[in-house]
Number of protein chains: 2
Amino acid sequence: MVASVFIVDDHYMVIEGIRSILQHEKSIEWAGHASNAASCLAFLKQQQPDVILMDINLPDKSGIDLCKEVKEMYPSVFIIGLSTFNQQSFIQKMMENGASGYVLKNATQEELTEAVTEVMKGKTYLSLEASQALRKNISAEMPVLTRREKEVLELIVDGMTNNEIAQKLFISVTTVDTHRKNLLAKLSAKNTASLVRIATQMHLV
Amino acid sequence: MVASVFIVDDHYMVIEGIRSILQHEKSIEWAGHASNAASCLAFLKQQQPDVILMDINLPDKSGIDLCKEVKEMYPSVFIIGLSTFNQQSFIQKMMENGASGYVLKNATQEELTEAVTEVMKGKTYLSLEASQALRKNISAEMPVLTRREKEVLELIVDGMTNNEIAQKLFISVTTVDTHRKNLLAKLSAKNTASLVRIATQMHLV
DNA sequence: AATTCTATCCCTGAAAAACAGGAGATTTTA
DNA sequence: TAAAATCTCCTGTTTTTCAGGGATAGAATT
């Protein structure tokens, strides 16, 4: 059985690299490529590949969102996340949104082909680094923020004061302050500065 | 004349992609590749290629630093910076450290080969996006921070208060406050939160 | 030699954030 | 349905930041 593989990545060199890696594999067929989410969706209207290798960072929308959309429209297509970083939050969100695997861009030829073949069997493939990142952080950190907390956090990062946030969200300043206190506690930050740094480093905003 | 090209990039897929792109070019010869700065330097002790394609993000040291070192030791080697982002500060630093060109990873085959051939002639090659980024920001923003201001900024981002910073640097709290005010002014930030966000986004810390 | 830049220090007063310690109402979920 | 989570609001106090000045001394530049 031959698996057709499609690639979404905004870097031509990466597309070329993957193509060059996979072309030797007899069990894998090149379905095509897209450099952004829009042309990926356009392609899928015409035909559906078996597997999509999907970069997390796309110019028009995040791979995490695209993954969700594609899986809703074409549930039978397997998606493998692709990125340079093994950030736990990314990997987790990608898997939550229906991805079947996650591979880092420094993966070897063996890893990549194994990922595709395993996923085709309906299994899940996580590269060593990815699964380690997932394991390490699932047990520890990565706090769960509520919808409102995320909302407040983003406005704080945008440089708004409690007062401004309160007006924007039509709630009391004291409420905003409470959310802020909870954010500080959840992210183990002692003040605004560390809160913003932690939030950006964790890619929460 | 045949140009030998060496690549330093920590992503196997990118190396494969570049190799696949350049192998069709008769005027270009593949010298080899390294996935970190250390093995790059080790390779250069044995032989020197004509051109090095060098990623900005390397696991052991930044491409910007590596560029400087290589140019000091082997001034005749041409270096082309390689990265996913067209951040003005990165491009500028790379060029200041002796690079002859800068190419983004979404470059086409034509761009990449042109970059190599132009640089071989002793010319400078900047991809369209790179030169635009350079032009746009050189005229505007990118504030110049003094050594002390950078120091204070880093401690602020680390979540320290003026008081703590003052004790750490053995200066008065009012001095720290002055630096802080200057930072807010220079980065056009209205408070700590936006200061931290801007600093991290500009990769100042 | 004069100017600019940098780093240092000081002041006042207002605004904002951090910290402590509650509590009621609604939604989710087990 | 009962428990847990979430969102909401409150009263205080203390600490930190922000805004607005001004000032001195040394280093670098013109």
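Each chain gets a letter, A, B and so on, in the order its sequence line appears, and its residues count up from 1.
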Any Lys/Arg nitrogen of B/Glu164 or A/Lys190 sitting under 4.0 Å from an Asp/Glu carboxylate oxygen of the other?
-> yes
In terms of side-chain heavy atoms of B/Ile171, which of D/dC10, D/dC7, C/dT8 is nearest?
-> C/dT8
Looking only at side-chain N and O atoms, does B/His179 come under 4.0 Å of OP1 or OP2 in C/dT8?
-> yes
Take the protein atom CG of A/Asn182 and the nucleotide atom P of D/dT6, then report the distance between them rounded to whole Å.
-> 10 Å
Remember a base hit wins even if backbone is also touched, and classify B/Ser172 as base, sugar-phosphate or nothing at under 4.0 Å, heavy atoms.
-> sugar-phosphate
Can you tell me if NZ on A/Lys68 sees more than 12 non-hydrogen neighbours from other groups inside 6.0 Å?
-> no
Taking all non-hydrogen atoms of both residues into account, name the closest pair between A/Asp10 and A/Leu58 and its distance.
-> N-CD2, 4.3 Å
In degrees, rounded to 10°, what is the bend between the two ends of the helix from C/dA1-D/dT30 to C/dA30-D/dT1, using five pairs at each?
-> 70°
In short, salt bridge (Lys or Arg N to Asp or Glu O under 4.0 Å) pairs touching residues 37-56 of chain B with sequence neighbours left out are B/Asp55-B/Lys105
By nearest nucleotide on DNA chain C, pick out whichever of B/Glu149 and B/Thr174 is the more 5' one.
-> B/Glu149
Taking C/dC9, C/dA7, D/dC7 as options, the one with an atom nearest any side-chain atom of B/Thr146 is C/dA7
Spell out protein contact along nucleotides 16-30 of chain D as letters: B when the base is contacted, S when just the sugar-phosphate is, - when no protein heavy atom is under 4.0 Å; keep the 5' to 3' order.
-> -SBBB----------
Expressed in angstrom and rounded to an integer, what is the separation of A/Leu169 atom CG from D/dT6 atom P?
-> 18 Å
What are the two closest heavy atoms between A/Phe43 and A/Ala31, and how far apart are they?
-> CZ-O, 3.5 Å
Residues pairing under ring pair (Phe, Tyr, Trp, His ring centres under 6.0 Å) where one sits in residues 146-195 of chain A, two or more places apart or in two chains, turn out to be none
Contact list for residues 165-177 of chain B, test salt bridge (Lys or Arg N to Asp or Glu O under 4.0 Å), sequence neighbours left out = B/Asp177-B/Lys181
Here the distance between atom P of C/dT6 and atom CD of B/Glu151, to the nearest Å, is 15 Å
Residues which pass salt bridge (charged side-chain N to carboxylate O under 4.0 Å, His left out) with B/Glu69, listed by chain and number, not counting sequence neighbours = B/Lys61
Return the value, rounded to whole Å, for the distance between atom CD1 of A/Ile165 and atom C1' of C/dA17.
-> 11 Å
To the nearest 0.5 Å, how far apart are CD in A/Gln167 and CE in A/Met160?
-> 8.5 Å
